[in-house]
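Data block below; observations after.
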Amino acid sequence: MAAAGRGVMIGEMEKMSVEQLKAIKEQTEMEVNLLQDSLNNIRTATNRLDLASTALQDLSVRPQGKKMLVPLTASLYVPGTLDDSQNVLVDVGTGYFIQKTMTEGKDYCERKINLLKSNYDQLLEVASKKKSIADEAGIVLQAKLKQLAPAS
């Protein structure tokens, strides 16, 4: 519902019908859930980049030819040898990798982490506003339903 996105005030909500209030409440709750999913995805991506940055730091201090375990998945490691400790392949998405120096790889991780944190903060603010709208609609809706209920 378009009204929910514009920041409906309680005064405006009190003029709405029960059906309109239910629609606003449901719509904003659905939007909050979608935003929460996005926030969780950003948190997961940030954690992965933090791990990658830590791994780069660890690799940068290991000598060439060092024997090590190489992760193929989160739980499967194979023995390997560090061939080049100065260059890394960076996954830039959709199956594309770019060779970068160790410093460029670390910078890439830091830039992505900062971008994700900025997006996270912006989404958190939007989610908070949407949650407030849903809560306000719920309060007004409960009050209207109480008025409509027959006195017992």
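All heavy atoms count here, side chains included; hydrogens, waters and symmetry mates do not.
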For this session: State, with a plain yes or no, whether a side-chain heavy atom of Lys22 is found less than 4.5 Å away from one of Glu19.
Result: no
Exercise. Quick one: do Leu76 and Val70 end up in the same hydrophobic cluster if we chain Ile, Leu, Val, Met, Phe, Trp and Tyr together by side-chain heavy atoms under 4.5 Å apart?
Worked result: yes
Exercise. Within a strict 4.5 Å, meaning less than it, do heavy atoms of the Met102 and Leu59 side chains meet?
Worked result: yes
Exercise. Between the main-chain N or O of Asp83 and the side-chain N or O of Thr81, is there a donor-acceptor pair closer than 3.5 Å?
Worked result: no
Problem set entry | same_hphob_cluster(Val88, Met68) at 4.5 Å side-chain heavy-atom cutoff | yes
Exercise. Are Leu56 and Leu51 connected in the hydrophobic side-chain network, where two residues link if heavy atoms are under 4.5 Å apart?
Worked result: no
Exercise. If you measure from the Lys or Arg side-chain nitrogens to the Asp or Glu carboxylate oxygens, is any gap between Lys117 and Asp121 under 4.0 Å?
Worked result: no
Exercise. Rounded to the nearest 0.5 Å, how far does OG of Ser53 lie from CG of Asp58?
Worked result: 11.5 Å
Let me have the donor-acceptor pairs involving side chains of residues 141-148, under 3.5 Å, with sequence neighbours excluded, atom names and distances please.
residue: Lys144; atom: NZ; partner: Glu14; partner atom: O; Å: 2.9
residue: Lys144; atom: NZ; partner: Met16; partner atom: O; Å: 2.9

Exercise. So does Glu125 pair up with Lys129, basic N to acidic O under 4.0 Å?
Worked result: yes
Exercise. Quick one: CG on Leu34 to CD on Glu29, what's the gap to the nearest 0.5 Å?
Worked result: 12.0 Å
Exercise. Which ILVMFWY residues can you reach from Leu123 by hopping between side chains whose heavy atoms are under 4.5 Å apart?
Worked result: Leu35, Leu39, Ile42, Leu49, Ile113, Leu116, Tyr120, Leu124, Val126
Problem set entry | Side chains of Asp91 and Tyr96 in contact at under 4.5 Å (non-hydrogen atoms) | no
For this session: Using a 4.5 Å cut-off on heavy atoms from C-beta on, say whether the side chain of Ser85 contacts that of Leu82.
Result: yes
Exercise. So does Glu110 pair up with Lys106, basic N to acidic O under 4.0 Å?
Worked result: no
Exercise. Does Asn114 reach the side chain of Arg111, with side-chain heavy atoms less than 4.5 Å apart?
Worked result: no
Problem set entry | Point-to-point distance, once rounded to the nearest 0.5 Å, from CG of Leu115 to NZ of Lys112 | 6.5 Å
Exercise. What distance separates Thr101 OG1 from Gln86 CD, expressed to the nearest 0.5 Å?
Worked result: 8.5 Å
Exercise. Can Asp37 and Asn40 be counted as having a side-chain donor-acceptor contact under 3.5 angstrom?
Worked result: no
Exercise. Looking at CD of Glu136 and NZ of Lys131, how far apart are the two atoms once the value is rounded to the nearest 0.5 Å?
Worked result: 11.0 Å
Problem set entry | side-chain contact (heavy atoms from CB on, under 4.5 Å) evaluation trace for Ile133 with Met13 | CA-CA 10 Å; Ile133 292 170; Met13 286 186 190; 3.9 Å; yes
Exercise. Would Tyr108 and Val92 count as a side-chain contact (heavy atoms from CB on, under 4.5 Å) if you check the C-alpha gap in whole Å, the side-chain angles of each, and the deciding distance to 0.1 Å?
Worked result: CA-CA 10 Å; Tyr108 176 83; Val92 293; 3.8 Å; yes
Exercise. Among the clusters formed by ILVMFWY side chains lying less than 4.5 Å apart, do Val90 and Phe97 turn up in the same one?
Worked result: no
For this session: Starting at CG of Asn41, measure out to CZ of Arg43 and round the result to the nearest 0.5 Å.
Result: 9.5 Å
Problem set entry | In one Ile/Leu/Val/Met/Phe/Trp/Tyr side-chain cluster, 4.5 Å: Leu72, Leu89 | no
